[in-house]
There are 2 protein chains.
Amino acid sequence: MAEIRTADTRERILDAGERLFMAHGYEGTSMRLITSEAAVNLAAVNYHFGSKESLIQEVFRRRLDWLNEERMRVLVEMEDAAAGKPLKPSQIVDGFFGTLLRMADDEERGGVTFLRLLGRTLTEPSEFIRTFLAHEYATVMDRYKEAFFKALPDVPKAEIVWRFHFMLGATSYAIAGTDALASGD
Amino acid sequence: MAEIRTADTRERILDAGERLFMAHGYEGTSMRLITSEAAVNLAAVNYHFGSKESLIQEVFRRRLDWLNEERMRVLVEMEDAAAGKPLKPSQIVDGFFGTLLRMADDEERGGVTFLRLLGRTLTEPSEFIRTFLAHEYATVMDRYKEAFFKALPDVPKAEIVWRFHFMLGATSYAIAGTDALASGD
DNA sequence: GTCTATATCATGATAGAC
DNA sequence: GTCTATCATGATATAGAC
């Protein structure tokens with residue numbers, strides 16, 4: 001015996017939080033909702049994470065650490081293989097967005113749920129979350145921007161940044177999948 | 001004398017609501033914040049609009065009524081001018097997105113503030129808002145989709161719908177302007 | 001129409017027994 | 001580590017004086 005039993009309270013809170021923050025946003029998700037969904041006690045969130053703010057940051061960090069490393073790994077690998085020659089822009093795009101989309105198939109890494117949460121969070125109203133996200137992203141974003149600059153030496157940098165923005169917006173909106181305009185088909 | 005004085009309580013609430021919902025989202029904006037910002041009494045929102053839900057719907061309707069009519073007017077005008085010949089896709093794009101972007105310069109119609117609110121609301125967590133927006137948009141969206149179908153008879157309809165989605169996502173994200181990835185430039 | 005005052009409820013957080 | 005019980009606060013909404 002010696003039953004594992006707990007099935008990890010911490011992890012269950014993170015899973016429930018991820019799903020509920022995705023569905024209702026940060027402000028719209030109460031800790032009562034999270035803990036009842038996770039079938040743990042209300043006080044458990046504060047015990048394990050300290051606060052609701054710290055909880056959502058941990059929800060993101062759990063997935064982003066891997067995503068950041070993977071994106072970086074893929075980029076460096078491509079650059080090494082190219083041996084000094086410039087990468088094709090499509091390669092860089094695939095390194096950034098392809099890596100993200102492959103998370104959708106990986107339930108261990110959050111799957112579609114986390115992808116949607118991430119997509120919606122780019123326009124999340126709560127400022128501390130956007131700030132936190134920007135900070136988490138900063139290093140990798142800068143590396144990819146540099147890669148684009150090198151791959152497209154004739155395109156003004158500001159133009160590249162805009163294109164990156166547009167791709168990111170299109171992707172995140174498609175992923176968020178809110179279907180605000182579904183109308184009737 | 002006979003002082004106008006009130007400067008329209010109703011309008012002041014709508015203006016404050018528009019700005020604050022844009023900045024903090026629906027759940028993140030309390031009625032106390034709105035009424036204090038608008039320098040009106042707390043009870044005024046319920047008196048004039050009935051509830052917080054009705055208030056935000058009115059915030060949208062005030063602007064969308066005009067936008068919907070204008071988008072429709074522009075499209076019909078182009079179709080009439082074409083006299084049966086198919087429109088160029090770029091014309092349709094301009095009718096839809098150009099009309100929207102021209103609102104940014106029109107302070108009377110909400111300007112940049114409303115545009116940002118609209119952009120962020122496409123991924124708004126509160127479901128009743130997305131449902132409301134989808135309903136408000138439905139008629140015009142369907143008309144524009146039809147126009148694209150006619151203008152691009154060789155492109156599968158599902159493909160056109162996806163492209164529309166991507167444009168919308170890219171636009172709304174650029175407009176929302178949260179700069180979640182600004183990092184350091 | 002606008003105010004004050006208040007009802008009612010849900011929230012995030014914590015203290016303290018087990 | 002996990003529970004119950006509770007605090008303090010802030011939320012939406014409304015009743016009723018002016």
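Throughout, a chain's letter reflects where its sequence line sits, starting with A, and its residues are numbered from 1.
Applying the 3.5 Å distance criterion, the base of C:dA10 shares no donor-acceptor pair with the side chain of A:R32.
For the pair A:E27 CD and C:dG12 C1', the interatomic distance rounds to 12 Å; values are reported in whole Å. Between the C1' atom of C:dG1 and the NE2 atom of B:H48 lies a distance of 7 Å, rounded to the nearest Å. Remark: P of D:dG1 and OH of A:Y47 are 5 Å apart, rounded to the nearest angstrom. The interatomic distance linking B:N46 (CG) with C:dA7 (P) rounds to 17 Å, in whole Å. As a whole-Å value, the separation of B:L33 CG from D:dT12 C1' is 14 Å. If you measure from atom CD1 of B:I13 to atom C1' of C:dC3, you get 13 Å, rounded to the nearest angstrom. If you take CZ of A:R12 and C1' of D:dG1, they are 13 Å apart, rounded to a whole angstrom.
In this structure, B:R71 contributes its side chain and B:F96 its backbone to a donor-acceptor pair below 3.5 Å. At distances below 3.5 Å, not a single donor-acceptor pair connects side-chain atoms of A:K150 with backbone N or O atoms of A:K145. A:N68 contributes a side-chain N or O that, together with a main-chain N or O of A:E136, makes up a donor-acceptor pair within less than 3.5 Å.
Among the nucleotides C:dA15, D:dT2, D:dA13, the one closest to any side-chain atom of A:A43 is C:dA15. Checking C:dT2, D:dT12, C:dA13 against every side-chain atom of B:L42, the shortest atom distance belongs to D:dT12. In the set D:dA13, C:dA13, C:dG12, C:dG12 carries the atom at the smallest distance from any side-chain atom of A:S30. Looking at the side chain of B:K52, the nearest of the listed nucleotides D:dT2, C:dT2, D:dT12 is D:dT12. Of all nucleotides listed (D:dT12, C:dT4, C:dT2), C:dT4 comes nearest to the side chain of B:N41.
Ranked by how close their nearest DNA chain D nucleotide is to the 5' end, B:E53 and A:A39 are led by A:A39.
Within 6.0 Å of CD on B:E108 lie no more than 12 heavy atoms contributed by other residues, nucleotides or ligands.
A salt bridge does not link B:R102 with B:E70: none of the charged nitrogens is closer than 4.0 Å to a carboxylate oxygen.
Residue contacts for B:T35: at a heavy-atom cut-off of 4.0 Å it reaches no nucleic acid atom on any strand shown.
Between B:S51 and D:dT12 there is no side-chain polar atom (N or O) within less than 4.0 angstrom of OP1 or OP2.
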